[in-house]
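Heads up: the structure comes next, in C-alpha cells.
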Amino acid sequence: MLPEVKLKIVQDLISASSQEELIWINGYLSGIIAHGASTKPEAAPVKAGVNKITIVYGTETGNSKKLATAFGAKAKKNGINAKVVSLDQYRLTDLSKEEYFFSIISTQGEGEPPAAAKKFYDHIHLNGFELNKLKYGVLALGDTSYPLFCKSGEDVDLQLQKLGGSRIVPLQKCDVDFEEDANTWFNNALKALSSNGAAATPTAPVSVKKSPGRKTYSSKVLTNINLNDHGSFKKTHHIEISAEDVEYHPGDSIGVIPENPLATVESIIALAGIEKDKTVGYKNEPVSVFDLLRKKLNIYYLPGRVVKKYAEIVHQEIPDTRIDLLDLLRIYPVKNGAQFKDVIGVLEPITPRLYSIASSPEAHSGEIHITVAKNNFSFNNEIKYGLTSDFLSHLDVNTNLQFYVHANSQFRLPEPDKDVIMIGPGTGIAPFRSFIADRDATGATGKNWLFFGEQHFATDFLYQTEFQNWLETGVLTKMNVAFSRDQPQKVYVQHKMLREGELLFEWLESGAFVYICGAKEPMSVDVEDALLQVIQLHGSRSKSEALTYLDQMKEDGRYLKDVY
Ligand SMILES: Cc1cc2nc3c(=O)[nH]c(=O)nc-3n(C[C@H](O)[C@H](O)[C@H](O)COP(=O)(O)O)c2cc1C
C-alpha cells in the first residue's frame, strides 16, 4: 500500500489524466518494472507512447484484411496514427524506415504465403539487410486442419527477428475462429506501444487455445450429374446439396474433406497386419484404424517430412521423395501391427479442398451447388483420379456430404448498379453462375459480361441453356465464348478479350469490376496479360502506365481473382 500522501498524488494524477494518458502511464510503469529500472522518472529511458505505426496484411480470402482494418481502427481510438496497407501494395523500400510494424498474414497452399504477400515474403527471406530500427509483431492466421499450421506467419516472425528487428508482442497463431485470439493480440500490441515496446518482453509464441472449430454441416446430396456430353474428354459434375439454414454469399466456397477409397484402405490394412477395428487414440478420442485411414489421415503423396519419420520407424533408408502410403508399405514393409501404430502417429490429416459455390441464396434457396471437374492424370502409365473430385463424383443422391462454408470477402459482387466483367473458363464458371443468378433474383441494374471457355462447344458448354436464357432475358448483357479445340488454332478467353478490346476498355473506364476465376496458371496470367494489352492499346498507355492502371483497379477493389 502507498502512504496517504503518495496515494493522493496518484489519485490527483489519475483524475487529471485523459484515457490516452492513463494508457501511457500504465505502459510507462510496466516498462520500468519489466526492466528493473530506477523508479525515478528522469532515470527511465522511456519516451512518450508511440503515435505512428504501420499495419500490413497478406490475405487470400479477406480475413487478415478484416483484422488489419479492425486493429487499425482500435489503434486510432488509442491516439495512434495507423497506416493499414495490403502487402501487395506495400513499398518494400519502406521497410528499412519502419519503426513500428505489424504484420497480419494467413497461410495458403501447403504452408505458403498468400499470393499478395509473396513479394514481401521473398524479399525478407532473400535479401540480406538489417532492420535494427524495426519493432514488430506478427499475427498469423491459419487452420489447424493443415499440417503446416500458420507457417507463413511463423516464418515472417522469425525472419524479421533474424534481420535485427525487435519483437514487441509475441507471435499469435490463430485457428479458424480467430476473433478472440486476434483481439487479445491487439490489446497486447497496444499495451506494448503505450510503453514503446518496453512492456512486452516475452518472445515465445502464444499457444493456440483449443478452439471449438468451424461450423460443419452434414447435408443430403440432391443431384449429382455430369454436365459434359458424350464424346467429351472431360467430366464436370454439377452437385446440389440441401442447405437449409446455411449462410453464405455469392463468391464463397465450401470446404470438403474427402474419404480415402475403400479398396486402398483395405489393402493398407492387409499389408499393415493390423485389425481394422482396433481403436487408437486420435486427437484425444478413440477411433478405429479403419475410420482413421478412411476419413481422417492423408495416405496419398506423403510429404518428405512424413516419409522421413516412416523411415525412422521401419529402420530403413528411404530416398527423400513424395510417395503414397500403400507404395511405402509394399517397398519398405512394417514389421507388425504395433509398428504400424507408430506409422499412424506420424501421418498427417486429410486437408480440406475448396469448391466455389455455383448457386445463390437468393435464387436457390435452401441449396448449395458446386461444379467439380473430375481430374485425371497419368502416373506410371496408369490413369489416376484426384482424390476429392473422384470422391465427389461418386456421391450418390440422398447420401450425406460433410462440408463447411469458407467465406471469401475478397470476391464479392459490387453494389447492384455497378457493371461486372467475369472471366471464368472451365469450372471457373461456378461463382459467375452464382453472381448472375443472384443479380437476376435481386433485380440488380448493373451490366454483366461473361467470358467463358472450354474445349468443345458441342460437349463442354457448362450450364449452356441457363446462360443462354440469361442472355435472352437481358440479365447477361454480353457473353463471349472460346472453344479451344473447335478449329485448327487454339482459341482461349484471352483471345476473345483482345478482340473485344475497345468495348472492354470502355467498360473499365466507366467503372466496371473485373473478376477472374479458374486455373492460376496459365489462364489467370494470360488473362491479366490480355487486360494489360487492352489498357495499353485502347487507353493509349505505355506498359508501365497500364500496370499502374491495373494496380489502381486492385486498390479500388475492382480487380478480383479467385484462382487455384
Ligand atoms: C487452399 C488453402 C490452403 C490453406 N493452407 C493452409 C496451411 O497450409 N496452413 C494453415 O495454417 N492454414 C491454411 N489455410 C487456412 C487459411 O490460412 C485460413 O483459412 C485463414 O483464415 C485465411 O485467411 P485470409 O482470408 O486472410 O487469407 C489454407 C486455406 C486454403 C483455402
Side-chain angles (χ1 to χ4, degrees), residues 55-72 84-89 102-118 120-121 138-157 171-183 185 205 207-208 211 213-216 248-249 251-258 298 301 303 305-306 348-357 370 386-389 403-412 427 430-431 517-521 524 557 560-564:
I55 303 167
V56 293
Y57 60 87
T59 192
E60 199 73 45
T61 49
N63 294 337
S64 305
K65 180 181 181 182
K66 190 168 105 184
L67 292 178
T69 312
F71 182 41
V84 180
V85 52
S86 166
L87 275 171
D88 64 345
Q89 304 288 326
F102 296 92
S103 172
I104 303 182
I105 183 167
S106 71
T107 297
Q108 298 294 322
E110 280 192 64
E112 289 135 36
K118 179 91 172 58
F120 171 81
Y121 183 91
V138 177
L139 180 66
L141 263 64
D143 180 339
T144 41
S145 24
Y146 290 87
L148 300 175
F149 176 54
C150 288
K151 172 83 164 51
S152 30
E154 278 180 346
D155 290 350
V156 170
D157 182 67
L171 169 71
Q172 171 75 57
K173 300 198 271 182
C174 301
D175 202 352
V176 286
D177 41 359
F178 44 76
E179 273 86 3
E180 205 185 312
D181 284 337
N183 207 35
W185 183 86
S207 63
V208 192
S211 77
R214 55 166 63 95
K215 189 165 177 162
T216 54
Y248 71 93
H249 296 277
D252 289 346
S253 304
I254 61 166
V256 174
I257 303 204
N298 175 40
Y301 203 49
R305 58 180 177 271
V306 174
E348 294 178 343
I350 303 177
T351 53
R353 314 294 203 273
L354 294 190
Y355 290 88
S356 303
I357 295 177
I370 52 174
L387 173 66
T388 319
S389 62
F403 69 93
Y404 62 87
V405 173
H406 186 90
N408 186 353
S409 61
Q410 295 293 92
F411 205 75
R412 291 265 190 272
T427 52
C517 184
K520 188 186 279 174
E521 283 179 358
S524 75
L560 304 158
K561 292 189 230 176
D562 179 6
V563 294
Y564 32 81

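Start at 1 and go down the list; that is how both ligands and their atoms are numbered. Nothing here was measured: the structure is a model prediction, and the numbers come from that model. Positions are given from 1, in the same order as the sequence printed here.
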- Query: Taking atom SG of Cys150 and atom CG of Asp155, what is their separation to the nearest 0.5 Å?
  - Reply: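 If we round to the nearest 0.5 Å, Cys150:SG and Asp155:CG are 11.0 Å apart.
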- Message: Distance check, rounded to the nearest 0.5 Å: Asp143 atom CG versus Leu148 atom CG?
- Response: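 Result: 12.0 Å between the selected atoms.
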- Item | Smallest separation among heavy atoms of Leu171 and Ala140, with atom names |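 Minimum heavy-atom contact is CD1-CB, 4.1 Å.
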- Evaluate whether atom NZ of Lys561 has more than 12 neighbouring non-hydrogen atoms of other residues, nucleotides or ligands under 6.0 angstrom away.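 Enclosed.
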- Query: Should we say atom CD of Glu110 is surrounded by more than 12 heavy atoms from elsewhere, each under 6.0 Å from it?
  - Reply: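 No, the 6.0 Å shell around CD holds no more than 12 heavy atoms from other groups.
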List of N/O pairs, ligand 1 versus protein, all under 3.5 Å?
from     : atom 1 : to     : atom 2 : distance (Å)
ligand 1 : 5 (N)  : Gly109 : O      : 2.9
ligand 1 : 8 (O)  : Gly109 : O      : 3.3
ligand 1 : 8 (O)  : Gly111 : N      : 3.0
ligand 1 : 9 (N)  : Leu148 : O      : 2.9
ligand 1 : 11 (O) : Asp143 : N      : 3.1
ligand 1 : 11 (O) : Cys150 : N      : 2.7
ligand 1 : 12 (N) : Asp143 : N      : 3.2
ligand 1 : 14 (N) : Thr107 : O      : 3.1
ligand 1 : 17 (O) : Thr107 : N      : 3.4
ligand 1 : 17 (O) : Thr107 : O      : 2.6
ligand 1 : 21 (O) : Asn63  : ND2    : 2.9
ligand 1 : 25 (O) : Thr59  : OG1    : 3.4
ligand 1 : 25 (O) : Thr61  : N      : 3.1
ligand 1 : 25 (O) : Thr61  : OG1    : 2.5
ligand 1 : 25 (O) : Gly62  : N      : 3.1
ligand 1 : 25 (O) : Asn63  : N      : 2.9
ligand 1 : 26 (O) : Thr59  : OG1    : 2.6
ligand 1 : 26 (O) : Asn63  : N      : 3.4
ligand 1 : 26 (O) : Ser64  : N      : 2.8
ligand 1 : 26 (O) : Ser64  : OG     : 2.7
ligand 1 : 27 (O) : Glu60  : N      : 2.8
ligand 1 : 27 (O) : Thr61  : N      : 3.3
ligand 1 : 27 (O) : Ser106 : OG     : 2.8
ligand 1 : 27 (O) : Gln108 : NE2    : 3.1

- Message: One thing to verify: whether Arg412 and Asp252 come together as a salt bridge, which I'm taking to mean a side-chain N less than 4.0 angstrom from a carboxylate O.
- Response: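 A salt bridge links Asp252 with Arg412.
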